[in-house]
Amino acid sequence: MQGFTGRTREHGRRTLPPGQKPAKGWPVSHYGPVPRFRPNHWSLQVFGATATGEKYSWTFDEVTAMPTVTITADLHCASGTSTLGHEFFGIPADALLKLTPPAPEATHIMAWAEYGYSANLRPADFASDRTIMATHHGGEPLTAEHGFPLRLVVPHLYGYKGPKWLRAIEYMDQDRRGFWEERGYHNIADPWTEQRHSYQEDT
Ligand SMILES: Nc1nc2c(c(=O)[nH]1)N[C@H]1C(S)=C(S)[C@@H](COP(=O)(O)O)O[C@H]1N2
Ligand SMILES: [Mo]
């Protein structure tokens, strides 16, 4: 087991994004059932337009041997509630990008989870120094409901951009919409400008 070492990447903002209300505690919110973690059937993969053309795959033990960082973050659900003051610990996305660099033609990223849930991201959003693949919350392993064993956290975007039960990162040579983006949610999802709905993309 590794220690909780490394610097903390603090967030700068103290206020809530417009149109958000704070929730009590940390309610669970997602679509579908909670998957069971089966270590022998589990891998984290990076595939698509990688610089080497290779596909990468790690066991969970291998993932926990990667560099780690702690961040503090608020989570903003596009339906209007926020949960505040989380402390996440895990592997910074920029460390994964260094391990498995994308090819020059990679212009977008898809983060894939169990059961085919997906969220598309711009490379800069994935590469943000506060985007992490979290294994722990508040010093404890994530609970199953909140994404154990691995969950993407993208604090500067609405919650649907952060798949729980993360299983793969795909480097794409064009943009493709993920699960909620196909169902009427905004492709970018900046909470500070209230990019909630796909119809706003035209204006
Ligand atoms: N795999 C998966 N991840 C998901 C979702 C989902 O439906 N499936 N919902 C997203 C949405 S819309 C939100 S707001 C957050 C909620 O996370 P929480 O329950 O830990 O607060 O999870 C995100 N990650
Ligand atoms: Mo959400």
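Side chains included, hydrogens not; waters and symmetry mates left out as well; all remaining heavy atoms used. Just so you know, ligand 1 is whichever comes first in the structure, and atom 1 is the first atom listed for that ligand.
Side-chain N/O atoms of H146 and H137 include no donor and acceptor closer than 3.5 Å. Residues D61 and T64 have side chains that never bring a donor and an acceptor to within less than 3.5 angstrom of each other. With 3.5 Å as the limit, one finds no donor-acceptor pair spanning the side chains of H186 and S198. If you check the side chains of T100 and Y171, you find a donor sitting under 3.5 Å from an acceptor.
In Y115, neither the side chain nor the backbone holds a heavy atom less than 4.0 Å from any atom of ligand 1.
For ligand 1, the atoms sitting less than 4.0 Å from at least one non-hydrogen atom of V28 are 19 (O), numbered in the order shown with element in parentheses. Each of the atoms 19 (O), 21 (O) of ligand 1 lies under 4.0 Å from some heavy atom of P27. Every atom of ligand 1 is numbered from 1 in the order shown, and the set under 4.0 Å from a heavy atom of W26 is 18 (P), 20 (O), 21 (O). Of all the atoms in ligand 1, the ones that sit under 4.0 Å from a non-hydrogen atom of C77 are 14 (S). Each of the atoms 10 (C), 11 (C), 12 (S) of ligand 1 lies under 4.0 Å from some heavy atom of Y160. Close contacts between ligand 1 and P163 involve ligand atoms 3 (N), 24 (N) [criterion: under 4.0 Å to a heavy atom]. Against a heavy-atom cut-off of under 4.0 Å, A113 is close to the following atoms of ligand 1: 1 (N). Close contacts of ligand 1 with Y31, meaning ligand atoms under 4.0 Å from a residue heavy atom, involve 6 (C), 7 (O).
When hydrogens are left out, the protein atom nearest atom 24 (N) of ligand 1 is G162 O, 2.9 Å; that is the closest non-hydrogen contact. The nearest heavy-atom contact from the protein to atom 23 (C) of ligand 1 is G159 O, 3.3 Å. Among all non-hydrogen protein atoms, the one lying nearest atom 16 (C) of ligand 1 is S29 O, 3.1 Å.
The option from R167, K164, E114, E145 that lies nearest to atom 19 (O) of ligand 1, judged by heavy atoms, is K164. Between W112, Y158, Y117, it is Y117 that holds the heavy atom closest to atom 8 (N) of ligand 1. Among R151, K161, H146, the residue whose heavy atom lies closest to atom 17 (O) of ligand 1 is R151.
Checking each of Y158, W180, Y31 against Y185 for a ring pair (Phe, Tyr, Trp, His ring centres under 6.0 Å) leaves exactly one that passes, namely W180.
For the pair H197 (side chain) and Y199 (backbone), a donor-acceptor distance under 3.5 Å is absent.
For R151 and F148, the positive end is not near the middle of the six-membered ring at less than 6.0 Å and at most 45° from its axis.
In summary, the aromatic rings of Y56 and F47 are positioned with their centroids too far apart to meet the 6.0 Å limit. Residues F37 and F60 place their aromatic rings such that the two centres sit under 6.0 Å apart.
Annotation: T83 places no N or O atom under 3.5 Å from an N or O atom of ligand 1; distance criterion only.
Between R36 and E114 there is no salt bridge, since no side-chain nitrogen of the basic residue lies less than 4.0 Å from a carboxylate oxygen of the acidic one.
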